[in-house]
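Read the structure below first, then the notes.
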Amino acid sequence: MTVVESSAVDLSSWPPERLRQMLFDMVQARRNSERFFALQRQGRAGTSAPITGQEATVVGAAHALDPTTDWIVPQYREQVALARFGEEVLATHCLYNRGHPAGSAYPEHVRVFPAQISLAAQIPQALGLAWGMQLRKEQGVAAVFFGDGSSSEGDFYEAGNFAGVLKAPLIMVLVNNQWAISTPTSKQTAAATFADKAKAFGIPGIRVDGNDVIAVHDVVAEARTRALAGNGPTLIEAFTFRMGYHTTADDPSRYVPEDQAREWAERDPIPRFTARLTNAALWSEADSTEALRRADETFDRLFAAAEANSPMPDAFFNHVFANPPQRLLDQRHAFNEGREQ
Amino acid sequence: MTVVESSAVDLSSWPPERLRQMLFDMVQARRNSERFFALQRQGRAGTSAPITGQEATVVGAAHALDPTTDWIVPQYREQVALARFGEEVLATHCLYNRGHPAGSAYPEHVRVFPAQISLAAQIPQALGLAWGMQLRKEQGVAAVFFGDGSSSEGDFYEAGNFAGVLKAPLIMVLVNNQWAISTPTSKQTAAATFADKAKAFGIPGIRVDGNDVIAVHDVVAEARTRALAGNGPTLIEAFTFRMGYHTTADDPSRYVPEDQAREWAERDPIPRFTARLTNAALWSEADSTEALRRADETFDRLFAAAEANSPMPDAFFNHVFANPPQRLLDQRHAFNEGREQ
Amino acid sequence: MTMVEAIRSTLHNEMAREERMIMLGQDIGLNGGVFRATDGLQAEFGAHRVVDTPLAEAVIVGTSVGLAAAGMIPVPEIQFSPFAWQAWHQIAGQVARLRQRSQGRHGMPITIRMPFGGGVRAPELHQESIVAQFANVPGLKIVCPASAADARGLLASSIRDPDPVIFLEPLRGYRMIKGDVPDGDHLVPLGVASLVVPGNDVVVITWSAQVEVARKAAALVAAETGATIAVLDLRCLVPLDVAAIAAIVDQCGRAVVVDEGPLTSSFAAEVIATIQEECFYSLEAPVARVTGYDTPFPTGLLEDGFVPDVDRVARALRRTLDARP
Amino acid sequence: MTMVEAIRSTLHNEMAREERMIMLGQDIGLNGGVFRATDGLQAEFGAHRVVDTPLAEAVIVGTSVGLAAAGMIPVPEIQFSPFAWQAWHQIAGQVARLRQRSQGRHGMPITIRMPFGGGVRAPELHQESIVAQFANVPGLKIVCPASAADARGLLASSIRDPDPVIFLEPLRGYRMIKGDVPDGDHLVPLGVASLVVPGNDVVVITWSAQVEVARKAAALVAAETGATIAVLDLRCLVPLDVAAIAAIVDQCGRAVVVDEGPLTSSFAAEVIATIQEECFYSLEAPVARVTGYDTPFPTGLLEDGFVPDVDRVARALRRTLDARP
Ligand SMILES: Cc1ncc(C[n+]2csc(CCOP(=O)(O)OP(=O)(O)O)c2C)c(N)n1
Ligand SMILES: Cc1ncc(C[n+]2csc(CCOP(=O)(O)OP(=O)(O)O)c2C)c(N)n1
Ligand SMILES: [Mg+2]
Ligand SMILES: [Mg+2]
């Protein structure tokens, strides 16, 4: 297992706009979470899972990928932070939040897989995507996100193990935010680190400071290079912290120790990267204000569009099959007749 | 990962009778497999899975356990080699072989769990047994056997991971016989060794020469000591070779390379241990002859008893529930009426 | 008392009564369960008896098998019923079979608790009704209380039953279903249906949260038509109270079965097959079924169209009453 | 040609026809499958298209989802159908839903092949019929050929179908079922039942290996009684050919449904519920069902008592013919 931190990395080799974009994406991600949360409390939005505290992990990884060739296979928390893969991700996720059937229907060119609720089930799927690209000789990788909790599911291990055998171009990003709802990692595993689990698969395992966007970017970029060179998958443990609620339905004050919350507030990835870019004269307070303003503007526009998008009541009959059986057509007909009575 | 071989171990500290018993058990185990195989070919017995080549692993492990306090949770291949846990194991397994419903119904004092067909499903169960003993403050361990193939199932990993958290008195004996039906271990995993998978659980992982009965005994005994001291589970990879058929329904000549079969024939655990005991003047050719005779005598007696034991045709209605629903009683009644027509 | 409080207090009573009982699942300890069904129990009985497990359903159920074999009484929780699929091989292949596989040696006095059913606009894979899949697994008992009192009586019976029980708690009923609950040792036997509304013209047969829907639909249509409409709460799908079903259907000659799952291979189909076997000659109209549809359980904006409601049950009642004999 | 040879040669043809097709499973490569259903295919098409996987059903199915999303046509094999339980969360929760979850973007043209059914005295968890559990999962098609020709025609249609198909091959029929098989591109559409024996007095409705049992029982009872007895082979449980069922039941007025699974919540119950919805007024006798029992599938010495046989089907036919209208 390799542990990676970036404090030593020299930012001068980076294009300034890329660095600024990453910070912007992080600010926007948090803002999106806050907006969903507030709207839920007002009764205008559904349950949501804030990314607060984990922005560096998702944004750093996304920026190491190429949205035109690589797939992101998320769990359920990352969608607010995937601006790198197009504004359509947030637009679609606004529908998701409202309980709209098209809430995971990303447009054809957006290489983001539908949200996964059945935890860890996305990992074998991401492996299949990576393997498929390999078979079809497409240059691309699949990067799958999943939590410390999800890593306890058989699907994680079965996929990691098979990925090792296939040497598939898969990047497994294990987001260790130290909690699975109320369950701390100490109850999730006795492994020294989650990255250690790579040993079981015969693949590289790397632990990275998940609150350090540059470090995350670099390990994902390296894993991507390895994967594209045919050298197989990598397991990356991004060590971070869920700074807020599991979801809008949760009350972390029941279980998160205050000390831990305080300690990690100081390691908040956004002030940290803001300070770094400010020191490098790449960011100013005005930028922060502007970033929030733009985030709000985007969110308002996309959420309003989602609110205006009402599915037909019978839309849940769509897309069950490409060739629906007569019996299902009959049911739809009866449903619509009933409604008309 | 520790790799253990025993060539250096001094046998003089061992009670001679224990050494002789282990060799006897190994000879008997193989003989049982041969007898089942031959009877199947004659149409008198059902499908069976020979232990040939793996006797040292099972017998060595069983002799490190205490049949009055420890549980053995087998897969489906070990039962012929569990004389240490009482003749009842073979007696019951003769019923199993015939397709008798009592084929996994070991008597109350025999701490052997029913055979497992749903591969790896026994591993969480063994963990539950170990955990239960821990909770009930019983001094004992559960030793679970499973194959290299089974180690690819989620159940193995979920159980190993939870075992690490619980520090349960569990010994996981991964019988790496290099094949899962026709699938070689190279297609099963890319891990350097199976013992390495222990890293994913934060528990000790040990690879042992599975054809060396003393070495197996010693690592299992050590794991048992550790478990009883409250220091948790151990994963033991017993590296061995399936010298013959997967089951009576299989044809290994389709897939096992001849070289490999030849090489491992030379590492056959029975000649190897026979030579060692013979060198130590603890065994003679006459003992081998006598061992086979006794094995045959036992097998004949137990198999004949099993053949004489015919279940009632409606016996499959027994023991579905402790309190069977009326509907099931009605079905049984109808079944019996139908038969009488 | 709400249903969730009836469940919580019953778990409390059973834990106090039987020291071999152990509860295990995700977030059931310090957090008291995502619906607070286990609130306070870890504080009272200790972290060794109310165990927060890793996020892995198969090992929650699989260890329960071993715990039972070791003499414990495990009461695992699956956080939402579709996640029982992750443990399906342990439930269908193991829990349901160990007693027979061992010819009675390893009884499986396991009660697997889980919420199910629609009405709370949760994300997908939270609200599906998969009762028919459980019911096709021989060796399981399936218990679905519809009232707070039954939640207590049936849960206590399930935990004390020597056989494995799938105990299904209605998600939207946790707080919405309220009622008096007998104090202390209240037991409701498994396999005895309850005729919650008597009637002579048609009967609605259902279970769990749909009992309330059935009551309302029955009242509505009774008021409209003057018919007397019975409601039979099955309470348990296995053991199925065939005698109670046959008695009320024979009496009414007409029946409607309501099931939240999809139509095809629903448990409603089993009830109808049973009715036509038992009551063929007293049936005056086809038995109607009101179920979900053969689609995945819809997302929040659409779920009201999927879950049987008063309107749909009422329409089925009218159609069934109108059918010529 | 035997059924297994019909399957093997069809897999061969489809692999040759569609280069995006990939087969994956345990022991399907060098070993050619434990029943030789894939014999020689790896040698011909390469180890990258006929893939021996690790022993892990969930990842076999889970990767198939991703392969499909990447544009491949996956044809995974589950070695014996009860081991589909290890992958149940991927089958019921994912394969069946990705098309809808993505609103049509990620179609799932996956055909999951697996043998099922009794008659070969295998150890437990090899011969169970779990069709009713599959049938309760919306989004899956379920195909069960009864003849060698249909094995070809339905398998080719399944593989070419854009929707996920559970393709169930009768274990004891692999070698016992023989018949002429049309050469080349023979397609049988999904969802069209086959009236394999016409008749007017009663119809036996079934699928897969039980079609042969039904034929024999029908012949036996027809000879005894002079009745004309139809046999309807459903071929597919989903799409269910409701029109064909209704037509023949309306014609005969009497029906027997045969299903190898346990009684409770069997697919037979679905067929009966459908019949009584569609044909209530033409039914002259209760529809009988002949199924397994509500017990685990028995061990070898006892399995003959569990699996419906000619004797049991014949008795159900006699009882149904004798019933007063
Ligand atoms: C298979 C499955 N089991 C249980 C749940 C319920 N559940 C939803 S989120 C969650 C915790 C997830 O923790 P983790 O994987 O660490 O992700 P995080 O929420 O921390 O991002 C649980 C138990 C689920 N969605 N799926
Ligand atoms: C869950 C499950 N999947 C598939 C099978 C079919 N099967 C029976 S034995 C076997 C190979 C087992 O290999 P391994 O675990 O290495 O044990 P070994 O036979 O070598 O002792 C397979 C695939 C099964 N019994 N259970
Ligand atoms: Mg987490
Ligand atoms: Mg093996």
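In what follows, chains are A, B, ... by sequence order, proteins preceding strands, each numbered from 1.
For A84(D), no part lies under 4.5 angstrom from a heavy atom of chain C. Only the side chain of Y281(C) comes within contact range of chain D, with heavy atoms under 4.5 Å apart. Using a 4.5 Å cut-off between heavy atoms, P82(D) makes no contact with chain C at all. Both the backbone and the side chain of T274(D) come within contact range of chain C, each with at least one heavy atom under 4.5 Å from a heavy atom of that chain. In this structure, chain D has a heavy atom under 4.5 Å from the backbone of E284(C), while its side chain stays farther away. Using a 4.5 Å cut-off between heavy atoms, A323(C) contacts chain D through both its backbone and its side chain. No part of L237(D) comes within reach of chain C, as not one of its non-hydrogen atoms sits under 4.5 angstrom from that chain. For L283(C), the parts lying near chain D are the backbone and the side chain together; criterion is any non-hydrogen pair under 4.5 Å.
Considering every non-hydrogen atom in both N136(D) and P262(C), the closest pair reads O-CG, 3.5 Å. For the residue pair R101(C) and L125(D), the shortest heavy atom distance occurs at NH2-CD1, 4.0 Å. Nearest heavy atom pair, residue E277(D) against residue V287(C), reads CG-O, 4.2 Å. In plain terms, the two heavy atoms of T264(D) and V238(C) that are nearest each other are CG2-CG2, 4.4 Å.
Rounded to the nearest 0.5 angstrom, Q90(D) CD and Q86(C) CD are separated by 8.0 Å. Expressed to the nearest 0.5 Å, how far CD1 of I130(D) lies from CH2 of W88(C) amounts to 10.0 Å. Within the model, atoms OG of S265(C) and CD of Q133(D) stand 9.5 Å from one another, a figure rounded to the nearest 0.5 Å. Atom CD in Q100(C) sits 8.5 Å away from atom CD in E124(D) (nearest 0.5 Å). Distance check: I91(C) CD1 to W85(D) CH2 gives 11.0 Å after rounding to the nearest 0.5 Å.
Of the residues considered (P286(D), G93(D), A288(D)), P286(D) shows the highest number of contacts with chain C, using heavy-atom pairs under 4.5 Å. Ranked by heavy-atom pairs under 4.5 Å with chain C, the list P325(D), G292(D), A132(D) is led by A132(D). The candidate with the highest count of non-hydrogen atom pairs below 4.5 Å against chain C, out of R97(D), E278(D), E57(D), is R97(D).
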| field | Audit row: Q276(D), I275(C), side chain to side chain contact (heavy atoms under 4.5 Å, CB included) steps and yes/no | value | CA-CA 10 Å; Q276(D) 81 88 50; I275(C) 288 174; over 6 Å; no
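Not one N or O on the side chain of D294(C) forms a donor-acceptor pair closer than 3.5 Å with the backbone of G139(D).
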